A.B. asks: 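Take a look at this one; I'll ask things after.
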There are 2 protein chains.
Amino acid sequence: MKFIEKLRNSGLRPTKQRLQICEVLFNTERTFHFTINELEQKIKDKIDNKISLATIYNTVHAFEKKGYLKQIPVNSNQTYFDTNITDHHHFYNLKDGKLIDLENSDVGPINIKRKIDGKKIKSIEVLVKLED
Amino acid sequence: MKFIEKLRNSGLRPTKQRLQICEVLFNTERTFHFTINELEQKIKDKIDNKISLATIYNTVHAFEKKGYLKQIPVNSNQTYFDTNITDHHHFYNLKDGKLIDLENSDVGPINIKRKIDGKKIKSIEVLVKLED
DNA sequence: TTCCACTTTATAATGGTTCTAAATAGCTGT
DNA sequence: ACAGCTATTTAGAACCATTATAAAGTGGAA
């Protein structure tokens, strides 16, 4: 249905696996953060067939390249992704490794005054580390 | 000399290896960013004896814990460290993976309006990704 | 000097991620 | 519906940064 179009429009074949991963990632009330391991678990819980780990990696990277997912810059042994692709920032709870979205209104506009020749700004991301 | 005191004051024994790594990291005109691999190379270039890779990891982590180094939150397969431990931000050149310091005056103050119960802010870090 | 906890070291183990190559499945044109 | 082509999936191997291990070495206090 809706995801078939979405995938086709971006040049990705709407395979069974991709559509199922779309359901898990995008057919939700709210956006969320995840690691590949967490996504693998969510997929296991929600669908009955098996999707190979390699396919999950492939798909997540394909979706990220198409702009349907964003990587979150955090130092961790795993890569964190976000289904919220709007410009926004994050709290990072060092205790449990959990992320919390920060609305732009919680941070205020960020104005980068310095320019680098021949480069343009692709993104501005703020990470606020939290401790007890 | 100066590094012996520094180490002793923070409860780290001033071993030959740690002092040599201090020379490479802190006896410089300017601060710099590095990965463990880059540091390993720098050490090979500057000293004649060999320091085990495990010792380099141990030392970098010990120095980070004591606040002599900072990790930079970037998504990369390697961990980036910074010898500039003042509060500041970074440009990240996606093309070559190089980091550039941003002065606070280049970014302006960042005021996080939202609070999380029972947590306090440890750091606020801005990463500005650059593309061509 | 002696002793002991701290440190270094080589090497193995770990674990997230990427690669490989063969099997499978969309899709287009007939 | 079918053939043929290319994209995709898959299991498993490979990769590689990082961490763990356990034995040897070292700093420093008494």
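Just so you know, these numbers use all the heavy atoms, side chains as well, and skip hydrogens, waters and symmetry mates. Note that the structure is a prediction, hence the values are computed from the model and not measured.
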A.B. asks: Counting side-chain heavy atoms from CB outward, which of C:dG16, D:dT9, C:dT8 is closest to A:Asn37?
C.D. replies: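 Among C:dG16, D:dT9, C:dT8, the one nearest the side chain of A:Asn37 is C:dG16.
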
A.B. asks: With a sphere of 6.0 Å drawn around NZ of A:Lys95, does it hold more than 12 non-hydrogen atoms of other residues, nucleotides or ligands?
C.D. replies: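 12 or below, so no.
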
A.B. asks: Return the value, rounded to whole Å, for the distance between atom NZ of A:Lys16 and atom P of D:dT10.
C.D. replies: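 These atoms are roughly 8 Å apart.
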
A.B. asks: B:Arg8 side chain to B:Pro14 main-chain N or O, any donor-acceptor pair under 3.5 Å?
C.D. replies: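 No; zero donor-acceptor contacts below 3.5 Å.
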
A.B. asks: If you take any heavy atom closer than 4.0 Å to DNA chain C, which residues from residues 48-59 of chain B end up in contact?
C.D. replies: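 Residues of residues 48-59 of chain B under 4.0 Å from DNA chain C: B:Lys50, B:Ile51, B:Ser52, B:Ala54, B:Thr55, B:Asn58.
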
A.B. asks: Do the side-chain N or O atoms of A:His61 get closer than 4.0 angstrom to the phosphate oxygens (OP1, OP2) of C:dT17?
C.D. replies: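 Indeed not, no polar side-chain atom of A:His61 lies that close.
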
A.B. asks: Check the distance between D:dT26's P and B:Gln20's CD and give it to me in whole angstrom.
C.D. replies: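 Between P of D:dT26 and CD of B:Gln20: 13 Å.
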
A.B. asks: Closer to the 5' end of DNA chain D via nearest nucleotide, is it B:Thr79 or B:Arg8?
C.D. replies: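 It is B:Thr79 whose nearest nucleotide is closer to the 5' end.
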
A.B. asks: What is the nucleic acid contact for B:Thr35, judged by heavy atoms within less than 4.0 Å: base, sugar-phosphate only, or nothing?
C.D. replies: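 No contact.
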
A.B. asks: Please give the angle, rounded to 10 degrees, between the axes at the start and the end of the helix from C:dT1-D:dA30 to C:dT30-D:dA1, where five pairs define each axis.
C.D. replies: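 So the angle between the two local helix axes works out to 30°.
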
A.B. asks: Ion pair present between B:Lys119 and A:Asp132, side-chain N to carboxylate O less than 4.0 angstrom?
C.D. replies: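 A salt bridge is present here (some side-chain N lies under 4.0 Å from a carboxylate O).
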
A.B. asks: For A:Leu12 and for A:Ile36, find the nucleotide of DNA chain C with the closest heavy atom, then tell me which residue's nucleotide is more 5'.
C.D. replies: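 The residue closer to the strand's 5' end, by nearest nucleotide, is A:Ile36.
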
A.B. asks: Against the six-membered ring of B:Phe26, is B:Lys2 placed for a cation-pi contact (under 6.0 Å from the centre, within 45° of the normal)?
C.D. replies: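 No, B:Lys2 does not lie over the aromatic ring of B:Phe26.
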
A.B. asks: B:Phe34 has an atom CZ; how far is it from atom C1' of D:dT18, in whole Å?
C.D. replies: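 Going from CZ in B:Phe34 over to C1' in D:dT18 covers 15 Å.
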
A.B. asks: In whole Å, I'd like the distance from the OH atom of A:Tyr80 to the P atom of C:dT17.
C.D. replies: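 To the nearest whole Å, that distance equals 11 Å.
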
A.B. asks: Report the residue (B:Asn77 or A:Gly11) whose heavy-atom-nearest nucleotide on DNA chain D is the more 5′ of the two.
C.D. replies: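 Its nearest nucleotide being more 5', the pick is A:Gly11.
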
A.B. asks: Which nucleotide, C:dA5, C:dT8, D:dT8, lies nearest any side-chain atom of B:Thr15?
C.D. replies: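 Nucleotide nearest to B:Thr15's side chain: C:dT8.
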
A.B. asks: Just to confirm, is there a sub-4.0 Å distance from OP1 or OP2 of D:dT6 to any side-chain nitrogen or oxygen of A:Arg13?
C.D. replies: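 So the side-chain polar atoms of A:Arg13 never come under 4.0 Å of the phosphate oxygens OP1 or OP2 of D:dT6.
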
A.B. asks: What is the distance from CD of A:Gln78 to P of C:dT14, rounded to the nearest Å?
C.D. replies: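 Atom-to-atom, A:Gln78 to C:dT14, this comes out as 17 Å.
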
A.B. asks: Whole Å only: how far is the CG atom of A:Leu39 from the P atom of C:dG16?
C.D. replies: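 It is 14 Å, rounded to the nearest whole Å.
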
A.B. asks: A:Glu40 CD to C:dG15 C1': how many Å, rounded?
C.D. replies: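 Result: 13 Å.
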
A.B. asks: How about B:Asp117: does its CG atom have over 12 heavy atoms from other parts shown lying under 6.0 Å from it?
C.D. replies: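 Count not over threshold, so no.
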
A.B. asks: Take B:His88 and B:Asp106, measure what side-chain hydrogen bond (donor to acceptor under 3.5 Å, both in side chains) needs, and give me the verdict at the end.
C.D. replies: CA-CA 10 Å; B:His88 68 287; B:Asp106 291 330; over 6 Å; no

A.B. asks: Begin from the C-alpha positions of A:Ser10 and A:Tyr68 and carry the test side-chain hydrogen bond (donor to acceptor under 3.5 Å, both in side chains) through to its verdict.
C.D. replies: CA-CA 10 Å; A:Ser10 46; A:Tyr68 303 145; 3.0 Å; yes

A.B. asks: Roughly how far, to the nearest 0.5 Å, is CZ of B:Arg30 from OG1 of B:Thr28?
C.D. replies: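 Taking OG1 in B:Thr28 and CZ in B:Arg30, the distance rounds to 9.5 Å.
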
A.B. asks: What's the closest nucleotide to the B:Gln17 side chain, out of C:dT8, C:dT18, D:dA17?
C.D. replies: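 Looking only at heavy atoms from C-beta outward on B:Gln17, the closest nucleotide is C:dT8.
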
A.B. asks: Testing B:Asn49, B:Asp48, B:Thr15 one by one against B:Gln20 for a side-chain hydrogen bond (donor to acceptor under 3.5 Å, both in side chains), which residue passes?
C.D. replies: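 Considering B:Asn49, B:Asp48, B:Thr15, a side-chain hydrogen bond (donor to acceptor under 3.5 Å, both in side chains) with B:Gln20 is found only for B:Asn49.
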
A.B. asks: Same cluster for B:Ile100 and B:Val126 if Ile/Leu/Val/Met/Phe/Trp/Tyr side chains link at under 4.5 Å?
C.D. replies: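 Yes, B:Ile100 and B:Val126 fall within the same hydrophobic cluster.
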
A.B. asks: Tell me the interatomic distance from B:Leu7, atom CG, to C:dC6, atom P, rounded to whole angstroms.
C.D. replies: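 From B:Leu7 CG to C:dC6 P: 16 Å.
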
